[in-house]
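Remarks on the structure that follows.
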Amino acid sequence: MSFSDREKQLIRAAFAWGQTAQREGYVLTDWEIEKSVLFRRLLSGRPPLLFPPPLRHGFPWYEVIEGRAEHVVNAMEAPAQSGTGILIDGSLWRLVQTLTEGEDYIVAWGDYPMRWRLRKHWKVNSAMTRQLRSFRSKNPGAAVGFEGSSEQRECDEFRIDKQQTVSLGEWQLSRIGLSGWVWVGTPVAPPADSALCPLHSDPEGPLLIGEQNRERGAGWLRMESADGEFRFLKLGQDLHYQSLIETARSNWESLLHGVEGDQLEIMDWCDQKAQRQFEISAQLVPLENFGFDGTSLDLLPENLAGC
């Protein structure tokens with residue numbers, strides 16, 4: 001008896017999901033199976049993340065880790081008994097820094113060494129502004145429930161300024177730095193800080209990294225950059241650096257898309273040293289999505305349902 005490729009995939013997905021469910025204390029009921037986002041993810045061929053993702057309205061939120069999109073969320077300061085943090089769509093995120101009280105924060109989640117910015121964005125609402133100005137013109141002496149005489153008065157999630165312009169507020173959550181798709185990989189020890197140095201740079205920063213004081217050796221090509229952080233893909237172990245530099249100057253995209261192998265090595269670099277390194281299945285490295293126009297990655301659709 002032999003199994004089809006689809007049956008083998010189903011067995012692997014069920015095995016991996018069962019391990020995760022047992023580790024996290026879930027009972028494998030029909031209900032858990034029906035609502036499991038993780039099981040659907042495994043069936044699609046994507047592995048679990050290295051650390052659990054945040055929950056959004058009670059369901060795993062993979063997109064906020066793996067992509068770099070900006071998300072509109074509900075947010076509020078956590079109750080005192082919950083500790084220092086910000087409630088975002090029902091989950092308690094760690095408060096790293098308050099930039100502006102009630103307006104602008106830096107937050108983090110779990111064991112991920114990443115940061116997000118949570119900021120309240122104000123946008124003029126034309127319809128409400130017209131209605132308010134019309135009401136004011138017809139009822140110049142009427143009170144509308146605001147006290148004080150400040151330049152701008154706020155009530156809940158909207159503001160009215162002295163020109164009677166109404167602005168609505170919404171919380172926006174966005175990643176700071178590199179996207180998080182690498183967390184599907186296996187962590188490995190990065191090279192020693194003194195072992196690597198930039199071989200060639202462009203206006204954006206280091207483009208090629210290699211071993212110091214050598215003509216040949218391991219070579220790494222930049223594939224992403226954001227806010228002073230850089231992500232490199234290993235091109236090979238024994239490369240001639242001068243030839244590599246010449247190719248990078250003329251057509252470095254060909255180096256990125258010419259990489260082969262079942263397992264690829266990815267390294268994050270900041271402050272002239274390696275921060276972390278991963279081994280990732282080539283099928284999970286979205287080389288085709290790395291345009292050369294600064295396009296960010298959003299690997300997954302909006303979250304579907306349960307854990």
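Expressed to the nearest 0.5 Å, how far CG of L199 lies from CG of L208 amounts to 6.0 Å.
Checked against the 6.0 Å centroid threshold, H200 and W252 do not count as a close aromatic pair. Here the two rings, on W269 and W220, have centers that are 6.0 Å apart or farther.
Remark: the backbone N or O of C270 is paired with a side-chain donor or acceptor of Q275 at under 3.5 angstrom. Formation of a donor-acceptor pair under 3.5 Å by the Y241 side chain with backbone atoms of A218 is found in this model. Checked by atom type and distance alone, the side chain of R231 pairs as donor or acceptor with a backbone atom of S179 at under 3.5 Å. Distance alone, capped at 3.5 Å, is enough to place a donor-acceptor pair between the R94 side chain and the G110 backbone.
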Do L49 and E66 pass the side-chain contact (heavy atoms from CB on, under 4.5 Å) test, and can you show the C-alpha distance, the side-chain angles, and the key distance before you say yes or no?
CA-CA 9 Å; L49 296 173; E66 294 180 301; 3.7 Å; yes
Does D89 form a side-chain contact (heavy atoms from CB on, under 4.5 Å) with H71? I'd like the steps, not just the answer.
CA-CA 11 Å; D89 283 343; H71 307 276; over 6 Å; no
Give the intermediate values and the outcome of side-chain contact (heavy atoms from CB on, under 4.5 Å) for residues Q263 and S281.
CA-CA 5 Å; Q263 291 289 121; S281 169; 3.8 Å; yes
Would Q277 and K234 satisfy side-chain contact (heavy atoms from CB on, under 4.5 Å), going step by step from the backbone distance to the final call?
CA-CA 10 Å; Q277 186 174 334; K234 191 173 185 178; 5.5 Å; no
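Residues forming a side-chain contact (heavy atoms from CB on, under 4.5 Å) with E260 (at least two apart in sequence, or on another chain): none.
Smallest separation of non-hydrogen atoms from V96 and A108: CG2-CB, 3.7 Å. Annotation for G177 and D227: closest pair N-OD2, 3.2 Å, computed over non-hydrogen atoms.
No side-chain heavy atom of I86 sits less than 4.5 Å from a side-chain heavy atom of W116. Counting heavy atoms from C-beta outward, E103 and K120 have side chains that approach closer than 4.5 Å. Between V72 and H121 there is no side-chain heavy-atom pair separated by less than 4.5 Å. Counting heavy atoms from C-beta outward, V107 and L173 have side chains that approach closer than 4.5 Å.
Using the six-membered ring where Trp is involved, Y112 and W183 have ring planes that are perpendicular, over 60° apart on the 30 and 60° scheme.
The local environment of CG in N251 is crowded, with over 12 non-hydrogen atoms from other residues, nucleotides or ligands closer than 6.0 Å. Residue D271 qualifies as open at atom CG: its count of foreign heavy atoms under 6.0 Å is 12 or below.
For residues 196-214, every residue pair satisfying the salt bridge (charged side-chain N to carboxylate O under 4.0 Å, His left out) rule, not counting sequence neighbours, is listed here: D202-R222, E204-R222, E211-R214.
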